[in-house]
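Take a look at the structure below.
Just follow the structure's listing: the first ligand is 1, and inside any ligand the first atom is 1.
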Amino acid sequence: MSTENIGARNILVIHGPNLNLLGMREPEIYGCETLQDINKNLARIAEKVTSDIVFFQSNAESALIDRIQQAMSDGTDFIIINPAAYTHTSVAMRDALTAARLPFIEIHLSNIFSRETFRHHSYFSDMALGVISGLGSKGYELALEYALTVHR
Ligand code: DQA
């Protein structure tokens, strides 16, 4: 990736429920990397172009909503979010993102469309700038690259 940062400067990465278990949770679906591995890699990429990146994981819907609301006034200019199981259930998180009016990319490690039908619907996709599903942890990297180099 080029070292020129013409994009977002304050990026928030949000991980939803059970993603704290990455590495030991169904590795055949979600891969062997831990959440810490993924975050470290993203931090290294953002550091190269001197963008700030912060990470937040919670298993609680209310904590995720509070963090999205916080992003409305803490200088965040871009969100990368894997809402995990709340993808398929949470009108409340959708409403928080609508209120925040911040651009976001929705990430899924697995291809949600090749799995059970209840995973095919997302409450977020129609509002997202883009959706990356099925590319494992590379999806987060690609979203970050977009935020850093393309997004204005
Ligand atoms: C997930 C897919 C969701 O359906 C699931 O509930 C998750 C993870 C993914 O990254 O593939 O917890 O968002």
Side-chain angles (χ1 to χ4, degrees), residues 1 7-8 10-47 51-72 74 76-151:
M1 189 174 69
N10 290 290
I11 297 160
L12 169 63
V13 182
I14 298 180
H15 305 286
N18 300 306
L19 295 174
N20 55 313
L21 299 180
L22 286 181
M24 52 187 184
R25 174 193 184 201
E26 299 173 276
E28 65 289 356
I29 295 177
Y30 298 117
C32 295
E33 278 174 280
T34 65
L35 194 61
Q36 211 192 2
D37 294 333
I38 292 173
N39 289 347
K40 259 197 209 158
N41 182 42
L42 297 179
R44 193 181 46 78
I45 294 168
E47 196 184 317
S51 266
D52 282 331
I53 188 163
V54 292
F55 304 95
F56 183 78
Q57 189 279 329
S58 181
N59 295 325
E61 192 175 19
S62 64
L64 292 160
I65 291 164
D66 288 345
R67 187 62 189 86
I68 293 165
Q69 288 188 10
Q70 190 189 318
M72 294 167 74
D74 70 0
T76 298
D77 55 10
F78 201 95
I79 295 177
I80 295 170
I81 184 167
N82 182 347
Y86 290 137
T87 305
H88 320 297
T89 62
S90 185
V91 175
M93 277 177 70
R94 176 193 170 92
D95 285 352
L97 280 164
T98 307
R101 292 181 185 276
L102 289 166
F104 72 92
I105 295 180
E106 176 183 346
I107 301 293
H108 300 286
L109 293 150
S110 64
N111 178 355
I112 57 174
F113 302 103
S114 67
R115 301 183 62 194
E116 303 96 317
T117 45
F118 68 83
R119 294 186 203 275
H120 296 182
H121 177 259
S122 163
Y123 278 104
F124 301 85
S125 300
D126 62 306
M127 291 163 49
L129 220 49
V131 180
I132 304 175
S133 183
L135 303 185
S137 62
K138 188 74 186 170
Y140 286 97
E141 260 183 55
L142 295 169
L144 180 58
E145 185 171 341
Y146 179 90
L148 294 175
T149 61
V150 180
H151 180 70

Report task. Report the relative orientation of the aromatic rings in Phe113 and His120; use parallel for angles under 30°, tilted for 30 to 60°, perpendicular for over 60°. Result ->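 Tilted.
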Report task. Decide side chain to side chain contact (heavy atoms under 4.5 Å, CB included) for Asn82 and Leu109; before the verdict, give the C-alpha distance in whole Å, the side-chain angles of both, and the deciding distance to 0.1 Å. Result -> CA-CA 8 Å; Asn82 182 347; Leu109 293 150; 4.3 Å; yes
Output, or 'none' if empty, a list of ligand 1-protein atom pairs in which both atoms are N or O and the distance is under 3.5 Å, rounded to 0.1 Å.
residue	atom	partner	partner atom	Å
ligand 1	4 (O)	His88	NE2	2.7
ligand 1	4 (O)	Arg119	NH1	2.9
ligand 1	6 (O)	Ala85	N	3.2
ligand 1	6 (O)	Arg119	NH1	3.1
ligand 1	10 (O)	Asn82	ND2	2.9
ligand 1	10 (O)	Leu109	N	2.8
ligand 1	11 (O)	Leu109	N	3.3
ligand 1	11 (O)	Ser110	N	2.8
ligand 1	11 (O)	Ser110	OG	2.6
ligand 1	12 (O)	Arg25	NH1	3.1
ligand 1	12 (O)	Arg25	NH2	3.0
ligand 1	13 (O)	Asn82	OD1	2.8
ligand 1	13 (O)	His108	ND1	2.8

Query raised in the report: Quick one: do Lys138 and Glu141 make a salt bridge, cutoff under 4.0 Å?
Result: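 Salt bridge present between Lys138 and Glu141.
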Requested in this report: Check whether the ring centres of Tyr140 and His108 lie less than 6.0 Å apart, and answer yes or no.
Outcome: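 Tyr140 vs His108: aromatic centres not under 6.0 Å.
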Query raised in the report: Does the ring centre of Tyr123 sit less than 6.0 Å away from the ring centre of His121?
Result: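 Yes, the ring of His121 comes within the 6.0 Å limit of the ring of Tyr123, centre to centre.
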Query raised in the report: With a 4.5 Å limit on heavy-atom distance, are the side chains of Leu12 and Phe104 in contact?
Result: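 Heavy-atom side-chain distance check fails, nothing below 4.5 Å.
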